[in-house]
Number of protein chains: 4
Amino acid sequence: MLSQQEAGHLTSIKPRMRRKDARPGELIQAALEVFVERGYAGARLEDIAGQAGVTKGTVYRYFRNKQDLFEAVVHATLGALIHRGRAVLREFEGPSIELLDQVVTAWWQGVVMTKASALPKLMFSEAGNFPALARFYYEHVIEPGRWLQRRILERGIARGEFRRVDVDCYVHFIIGPLLYVQCWDHSFACVVPGTQLCDQRFLGAFLEHLHAALLVESGTERLA
Amino acid sequence: MLSQQEAGHLTSIKPRMRRKDARPGELIQAALEVFVERGYAGARLEDIAGQAGVTKGTVYRYFRNKQDLFEAVVHATLGALIHRGRAVLREFEGPSIELLDQVVTAWWQGVVMTKASALPKLMFSEAGNFPALARFYYEHVIEPGRWLQRRILERGIARGEFRRVDVDCYVHFIIGPLLYVQCWDHSFACVVPGTQLCDQRFLGAFLEHLHAALLVESGTERLA
Amino acid sequence: MLSQQEAGHLTSIKPRMRRKDARPGELIQAALEVFVERGYAGARLEDIAGQAGVTKGTVYRYFRNKQDLFEAVVHATLGALIHRGRAVLREFEGPSIELLDQVVTAWWQGVVMTKASALPKLMFSEAGNFPALARFYYEHVIEPGRWLQRRILERGIARGEFRRVDVDCYVHFIIGPLLYVQCWDHSFACVVPGTQLCDQRFLGAFLEHLHAALLVESGTERLA
Amino acid sequence: MLSQQEAGHLTSIKPRMRRKDARPGELIQAALEVFVERGYAGARLEDIAGQAGVTKGTVYRYFRNKQDLFEAVVHATLGALIHRGRAVLREFEGPSIELLDQVVTAWWQGVVMTKASALPKLMFSEAGNFPALARFYYEHVIEPGRWLQRRILERGIARGEFRRVDVDCYVHFIIGPLLYVQCWDHSFACVVPGTQLCDQRFLGAFLEHLHAALLVESGTERLA
DNA sequence: TATGAATGAGGATTCATTCAT
DNA sequence: TATGAATGAATCCTCATTCAT
């Protein structure tokens with residue numbers, strides 16, 4: 001999130017000043033990690049501060065309170081998510097399956113493989129405690145995401161590339177395994193060594209799986 | 001989870017007695033709901049007790065402490081999960097796709113549609129805070145579940161019914177959408193009305209999706 | 001405030017139960033004392049609890065928070081104040097100067113000589129921090145009190161007993177010295193030994209002072 | 001408090017310089033206001049600094065700490081009080097009632113109508129928290145003030161001008177209403193608009209009141 | 001001299017846990 | 001067995017104070 005290369009050749013600038021600008025981002029990063037690991041209620045402000053290399057009180061210079069920090073974490077991380085989504089939307093040419101591959105791959109590289117991957121688990125956990133935030137997340141991440149996938153599926157079907165599947169349900173078959181990876185890698189994988197799911201093999205197999213499931217091949221159309 | 005029929009023909013017995021036997025189960029039910037809604041740290045013993053119709057102090061007659069109660073919740077709910085799994089394992093005849101349908105349907109009816117559906121979200125959230133419990137859950141629910149699915153997939157491939165997919169990954173493509181439904185319905189669905197995912201249409205579409213993705217049809221084998 | 005005689009012959013009742021009923025009153029008493037001594041912000045919940053013979057947490061069983069406790073203190077003490085005022089108003093016979101004596105004496109015995117005497121200093125100090133409470137106090141204590149005095153003065157003037165003074169100002173000349181005693185005895189008197197003002201001599205001299213200042217008399221010199 | 005005339009003909013000097021000299025006084029002014037409004041504990045250094053147009057850190061260039069600032073406020077304001085008192089003491093001729101009028105009027109103009117009027121309320125509030133300061137205030141303001149009034153009363157009685165009143169008590173009847181005005185105007189009057197007491201009418205009525213109460217007169221009814 | 005970022009002690013508040021009834 | 005009053009450890013949060021710039 002924060003450019004660590006930049007920080008490198010800025011040593012000339014007074015650390016105090018530089019800090020000031022970097023702090024909010026550092027705190028948000030630290031908070032994301034601790035919130036994901038412990039849950040909102042279980043996360044101690046002191047730990048978050050410690051993770052960011054400061055003390056308790058400093059957090060309150062940048063965030064009104066714990067809830068404010070939490071919302072900042074979600075909004076900051078959410079930005080990355082939305083940004084990735086939009087990037088893909090523009091280039092809308094060629095076979096639909098390639099479009100789908102692109103979207104899935106973009107999500108994989110832009111979310112699953114980044115710190116942002118932790119957010120969905122966090123939102124699942126805390127939606128009940130932060131209804132307003134959950135609704136915000138729903139409108140700004142989930143709805144657009146589902147809409148994007150639905151359009152691709154409908155395009156593929158319309159062009160005779162995809163089977164005539166139940167589009168409303170299918171979006172969940174696509175996102176489900178991806179979120180499973182994200183939830184897993186931020187929970188059990190931390191506790192049962194060697195079970196990390198996020199690797200290249202998973203992505204490849206998943207794309208192959210979607211191809212097989214969606215493509216109308218050798219002329220035979222199958223329907224439920 | 002708790003046999004409500006049983007409770008039915010025990011009305012003659014004095015409530016005091018019945019109460020005593022039912023209490024632990026009622027508390028576990030209540031605790032499951034509150035834990036799922038609020039997370040472990042966010043759940044207050046008083047709310048759990050209230051949900052079960054008793055007061056705080058009573059909880060301590062049946063459970064040593066909060067952590068003990070939490071583990072009891074997981075173990076009790078987990079029992080249902082494992083039980084369902086075993087049930088399917090025995091009857092191991094016929095085409096592999098039917099076997100898969102049976103397993104998925106059994107999970108749907110035995111887990112997704114029951115209170116036990118809440119457990120995975122809870123485990124994702126609290127795995128980091130309860131490593132031992134997470135490992136226990138991994139060994140007794142996840143590992144067996146994955147093993148079962150792997151065997152079915154391998155059987156189908158061996159018998160030429162299924163495409164030669166990456167079995168290790170495929171188990172996640174199967175469980176992913178199901179867990180997504182469960183996580184969703186216990187988080188966002190409580191907060192964004194009308195977005196419940198668990199309905200018959202989903203199951204039907206999902207089975208159709210698996211058929212299309214797995215079955216070797218019209219003799220043509222497809223590979224990535 | 002709380003009947004301590006009653007408590008005496010109730011020893012048979014279980015202490016736990018008796019406590020429960022007595023607690024709020026005890027806490028309010030303790031809080032009044034600590035608030036007066038330290039001011040609102042300077043008063044520590046722990047000290048208040050200690051003063052009442054309990055621990056911090058117990059306060060929160062009876063009062064939502066510090067502010068709630070503070071308001072309870074004011075309301076409880078205020079009750080006594082208002083009650084005294086009303087009591088005197090009813091018996092409205094005889095010479096106006098006797099009425100005035102009665103009212104002043106009633107305030108002296110019902111407020112100045114009791115714990116309630118501490119309240120005005122507290123309200124002066126905290127009016128700025130609790131505007132709503134201050135307005136409430138103004139409406140329910142000050143306004144009625146001033147109205148009562150104004151009526152007495154007007155009555156005396158109308159009946160030719162009192163000089164034709166500026167009634168609106170005069171109410172302050174009456175209450176001023178009384179509140180001075182109260183503020184003094186709860187501040188400097190605690191710190192400069194032997195300067196307590198509340199004694200019988202003060203009351204006597206004050207009544208004599210009011211007589212001299214108000215009565216329309218005929219050239220006779222009066223002495224206490 | 002700070003001579004504004006002086007400040008006037010220093011405009012030529014660079015603001016930086018002027019600033020430096022004016023700072024302590026500006027801070028003390030600001031602190032007086034905030035302390036009076038919020039009480040000692042409730043006043044935040046940051047607010048005081050803001051009120052003075054500087055930032056928190058600057059306060060510490062001029063005052064060791066919060067307590068030091070508080071004492072400076074009291075001492076500085078106290079200076080005005082004492083100064084006014086002394087001024088009256090010198091000219092000790094003519095009828096005693098005129099002397100009393102002079103003293104009361106001097107206090108009114110030199111204290112009640114100035115910023116110094118806020119001090120008594122502050123001292124009442126914080127005497128318990130600053131015993132040494134309270135004793136200092138007692139010795140340097142209260143004792144001399146009472147002594148002055150006592151001497152005037154005794155003089156009037158000795159010369160047959162005043163009734164033979166209880167001098168020790170009477171000083172409180174004189175100062176009581178004046179302090180009431182001061183406490184009121186810095187507390188309730190800020191919160192209940194239109195209830196300010198400090199106006200010319202009050203002073204006139206009060207002097208008339210004292211005349212009526214003290215003077216040995218011959219049957220004449222007096223009116224304001 | 002002035003700033004404001006950072007600290008950390010202190011106090012409000014919550015809640016798991018105990019225990020007398 | 002159930003209750004709920006009481007406890008006190010834990011945590012959020014505030015703000016006086018320090019100090020590098």
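Note that the structure is predicted; figures quoted are calculated from it, not measured. Reminder, nothing fancy here: chain letters follow the sequence lines and each chain counts from 1.
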May I ask you to say what C/A43 touches in the nucleic acid, namely base, sugar-phosphate or nothing, with a heavy-atom cut-off under 4.0 Å?
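Touches sugar-phosphate only.
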
What is the nucleic acid contact for B/R61, judged by heavy atoms within less than 4.0 Å: base, sugar-phosphate only, or nothing?
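If one applies the 4.0 Å heavy-atom cut-off, B/R61 turns out to touch a base.
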
[X] [atom1] - [N] [atom2] separation (whole Å):
{"X": "D/R44", "N": "F/dT17", "atom1": "CZ", "atom2": "P", "value": "15 Å"}
{"X": "A/E46", "N": "E/dA9", "atom1": "CD", "atom2": "C1'", "value": "12 Å"}
{"X": "D/K66", "N": "F/dT18", "atom1": "NZ", "atom2": "C1'", "value": "17 Å"}
{"X": "A/L69", "N": "F/dC13", "atom1": "CG", "atom2": "C1'", "value": "13 Å"}
{"X": "C/N65", "N": "F/dT14", "atom1": "CG", "atom2": "P", "value": "14 Å"}
{"X": "A/Q67", "N": "F/dC13", "atom1": "CD", "atom2": "C1'", "value": "14 Å"}
{"X": "B/Y40", "N": "E/dA16", "atom1": "OH", "atom2": "C1'", "value": "9 Å"}
{"X": "A/D47", "N": "F/dT11", "atom1": "CG", "atom2": "P", "value": "8 Å"}

Short side-chain to backbone donor-acceptor contact, B/K121 and B/V36, under 3.5 Å
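Yes.
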
Taking a pair as Watson-Crick or G-U wobble with both distances under 3.5 Å, which nucleotide is matched to F/dA10?
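Result: E/dT13.
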
Considering every strand shown, what is the Watson-Crick or G-U wobble mate of F/dA20 when both distances are under 3.5 Å?
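Answer to the pairing question: E/dT3, which forms a Watson-Crick or G-U pair with F/dA20.
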
Where each residue is assigned the nucleotide of DNA chain E containing its nearest heavy atom, which of B/G42 and C/L45 is assigned the position nearer the 5′ end?
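In this pair, the answer is C/L45.
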
Among the candidates E/dG8, E/dG11, E/dC15, find the nucleotide nearest to the side-chain atoms of A/T55.
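So the side chain of A/T55 is nearest to E/dG8.
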
Angle between ring planes, B/Y40 versus B/F35, binned at 30° and 60°: parallel, tilted or perpendicular?
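Parallel: the ring planes of B/Y40 and B/F35 meet at under 30°.
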
Does the side chain of [X] get closer than 4.0 angstrom to OP1 or OP2 of [N] through an N or O atom?
{"X": "D/K56", "N": "E/dG4", "result": "no"}
{"X": "B/Y62", "N": "F/dA2", "result": "yes"}
{"X": "A/Y60", "N": "F/dC13", "result": "yes"}
{"X": "B/T58", "N": "F/dT3", "result": "yes"}

With nearest nucleotides of DNA chain F determined for C/G57 and D/A41 from heavy-atom distances, which residue corresponds to the more 5′ nucleotide?
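The residue whose closest nucleotide sits nearer the 5' end is C/G57.
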
B/L78 and B/F136, any side-chain heavy atoms less than 4.5 Å apart
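Yes, their side chains come closer than 4.5 Å.
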
Are the side chains of C/I28 and C/Y62 in touch, meaning some heavy atoms are under 4.5 Å apart?
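The answer is no, as the side chains (C-beta and beyond) never meet within the 4.5 Å cut-off.
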
Going by the side-chain hydrogen bond (donor to acceptor under 3.5 Å, both in side chains) test, name the single residue among B/H186, B/R38, B/Q51 that passes it with B/E33.
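When B/H186, B/R38, B/Q51 are each tested with B/E33, the side-chain hydrogen bond (donor to acceptor under 3.5 Å, both in side chains) holds only for B/Q51.
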
